[in-house]
Trainee: 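Have a look at this one before I ask anything.
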Amino acid sequence: MPWLAVLVVAAANAAKQGVCLLQSPVFLPRGASHEAALIHEDEATITEWVTIHEMSNSTHGEVDTLGLPMEMPFDSSKSGISTETVICGVTAIFGVALATMLWHEWGKLPKHQTALSRDSGRLFLLDNVKWFAQLLVIYGHLLGMLNIWDTSTWLYQEEDFIRMVKDALEVVLNPLFCVISGVLSQGAPTEGRLRRYVQFLVIPTIMVVYVVRPLCSGIFRDRPMDKAIQKILSPDITPTYFSTDCPWYLFALVLWRASVYLFWSQMKTEVAFVTMVGASCAAGYLGGINADQWGGGWGATLGYLPYFAAGYVMPFGALAERIQKPGLLGSVGVAAGVWIYAFFIVPAVFGFSLPDGHGNYVCCDSGREMVLPGKLTPLDVTFYWLRRLAQFAVDMPAVLAVIFMVLPRDETPITYMGAHTLYSYIFHMLVGFHSQRALLLQWFGMPVIQGRIWHILILLLHIPYCLAILCFLTSSYWRAIWSWAISPQWPAVLFPQKPETKAASQGEKIVDTLAAEPRQP
């Protein structure tokens, strides 16, 4: 019965927002109205950010280089606790209770079942998870570009709907990558794993920041090639530049894997998990963690730490063996249920933004809401960490459902892409596919279309486009061009290998570098 009430609320909320799928298409002429819409949208965005920046400087004292307050703002004249904090507290309690029950059940599994095995079916599942997560990343970035380029033409005035779609994807998108990276970090830090960590993750990350990125700016962007070469020859080696210019997930993955070897593998599993979740909740209060003085990667590393931790303690092999995946229709039904959960139920229950894992508590959508005066009481600030815990509790059921009940466990024609997703993660933005797409559409001159059903069809048609980008960037042709930097073999001369048994060699190969390691499925 409670879930029925939630569904009713969700349906009412969707109806209130005007989600009508049967509206006929309306074509409008381009021209003055088109330009006016663009000008109006730009002015509204600029006004919003200027207001927030001025409010941060004038009302909240010291701010970081992004104009965000260094300390959590609150209204000292207010007392009590808000409804939002109560909702997050209840959600967090249910999440902790469910996690405790799962932990108790996992503890009953035989020890040999909790390890990640070499069973090919499980490795195919890991690769399928990775290419699917990367597809969501490419599509999610595209949705952000649609708000800029397309909402004045064939997705006319659909900024809010596109934002709703993107928010629904965020329930699964980044958590899925982080959870599977945690799974692939299980095991002792052997010499072989440390060697592969440096060769296939640390060195490629350095190459991306100091070589690949400048080269791509000269080849695919408008930056003069001589300046790109100069940037390679005269690099900025300050830690701030590295952490800011490095793709956030790559930076987080380097730090995560290092922390596993240095700290978490030395602790009991349950202690490590609780410590990581607690550290993430506490780190949300750190001021300036998103800004230049820290570098953006630190905020995301700490913000998504609970998801890495969940994968690290998950008995993936046992769950893959115990949970029977439904057939095709069943998987489609589960996928539809996940979408209903993320698109309708979560926004209906949480009518406010939860903390974003990309940074501390004052960044992103929840931060923009929070810096407004009168939003938080002192008690709200004290218990704001419950919101991060609630976000974690909300995301994990959808992530687990996608992994174990939606994605295929057998090899498919595109499973191989999961073994090379580092290429697509790095290059899909550096090459500028979405920007070139937008320029191409502007050159063709897209009509102004109204009608939600047509807009949904347009959004769905972009999925094959994103899949084509993924296929191209993980192809053997593209990898042959960039393998010297992304999956380099030349550093092997720096790490002489000792003779090892076949079993040890196989066990050490299960290491997550976004599967940059050249392994053929």
Side-chain angles (χ1 to χ4, degrees), residues 2-3 5-10 12-14 16-17 48 51-63 67-99 160 163-164 167-168 170-171 277-278 280-287 289-290 299 302-303 306 341-397:
W3 284 106
V6 169
L7 288 173
V8 172
V9 173
N13 184 60
K16 182 179 179 180
Q17 296 181 19
E48 177 188 3
T51 302
I52 291 172
H53 185 81
E54 291 178 348
M55 186 183 306
S56 299
N57 282 278
S58 61
T59 307
H60 303 304
E62 185 182 2
V63 297
L68 297 174
M70 295 291 288
E71 296 182 359
M72 293 279 289
F74 60 89
D75 189 344
S76 57
S77 65
K78 289 187 176 183
S79 60
I81 195 167
S82 66
T83 304
E84 291 86 349
T85 302
V86 173
I87 293 175
C88 290
V90 173
T91 304
I93 290 173
F94 275 105
V96 170
L98 180 59
D160 292 338
R163 190 175 298 111
M164 290 168 61
D167 289 343
E170 291 286 349
V171 173
V277 174
S280 178
C281 291
Y285 291 98
L286 292 176
I289 198 172
N290 320 298
L302 293 168
Y341 171 78
F343 189 82
F344 292 106
I345 296 178
V346 172
V349 176
F350 299 93
F352 52 92
S353 297
L354 292 170
D356 194 298
H358 286 90
N360 61 12
Y361 295 147
V362 297
C363 85
C364 310
D365 291 338
S366 61
R368 288 194 289 271
E369 293 178 7
M370 188 177 59
V371 297
L372 299 177
K375 286 292 184 178
L376 297 177
T377 68
L379 280 178
D380 286 333
V381 172
T382 301
F383 292 102
Y384 204 84
W385 57 272
L386 289 172
R387 303 193 183 204
R388 174 155 286 176
L389 209 56
Q391 181 73 78
F392 180 50
V394 165
D395 294 344
M396 283 306 298

Trainee: So does Phe352 have more than 12 non-hydrogen atoms from other groups sitting under 6.0 Å from CZ?
Mentor: yes

Trainee: Where do Val277 and Pro306 come nearest, in terms of heavy atoms and distance?
Mentor: CG2-CB, 4.2 Å

Trainee: Quick one: pull up CG in Asp380 and CG in Leu386 and give me the separation to the nearest 0.5 Å.
Mentor: 10.5 Å

Trainee: Just by distance, do the side chain of Tyr285 and the backbone of Tyr384 share a donor-acceptor pair under 3.5 Å?
Mentor: yes

Trainee: What closest approach, in Å, do Ala342 and Ala168 show between heavy atoms, and which atom pair accounts for it?
Mentor: CB-O, 3.6 Å

Trainee: Indicate the atoms forming the closest heavy-atom contact of Leu302 with Arg388, along with that distance.
Mentor: O-NH1, 4.3 Å

Trainee: Which atoms form the tightest heavy-atom contact between Arg387 and Cys88, and what is the distance?
Mentor: CG-SG, 3.6 Å

Trainee: Looking at every heavy atom in both Tyr361 and Cys281, which two are closest together, and how far apart are they?
Mentor: OH-O, 2.5 Å

Trainee: Which heavy atom of Gly80 sits nearest to which heavy atom of Leu379, and what is that distance?
Mentor: O-CB, 3.4 Å

Trainee: Supply the atom-to-atom distance Leu376 CG to Ile81 CD1, rounded to the nearest 0.5 angstrom.
Mentor: 10.5 Å

Trainee: Does Asp167 use its side chain to pair, donor to acceptor, with the backbone of Met164 at less than 3.5 Å?
Mentor: no

Trainee: If you measure from CD on Glu170 to CD on Gln391, what distance do you get to the nearest 0.5 Å?
Mentor: 9.0 Å

Trainee: Under a 4.5 Å cut-off applied to non-hydrogen side-chain atoms, are Val171 and Phe343 in contact?
Mentor: no

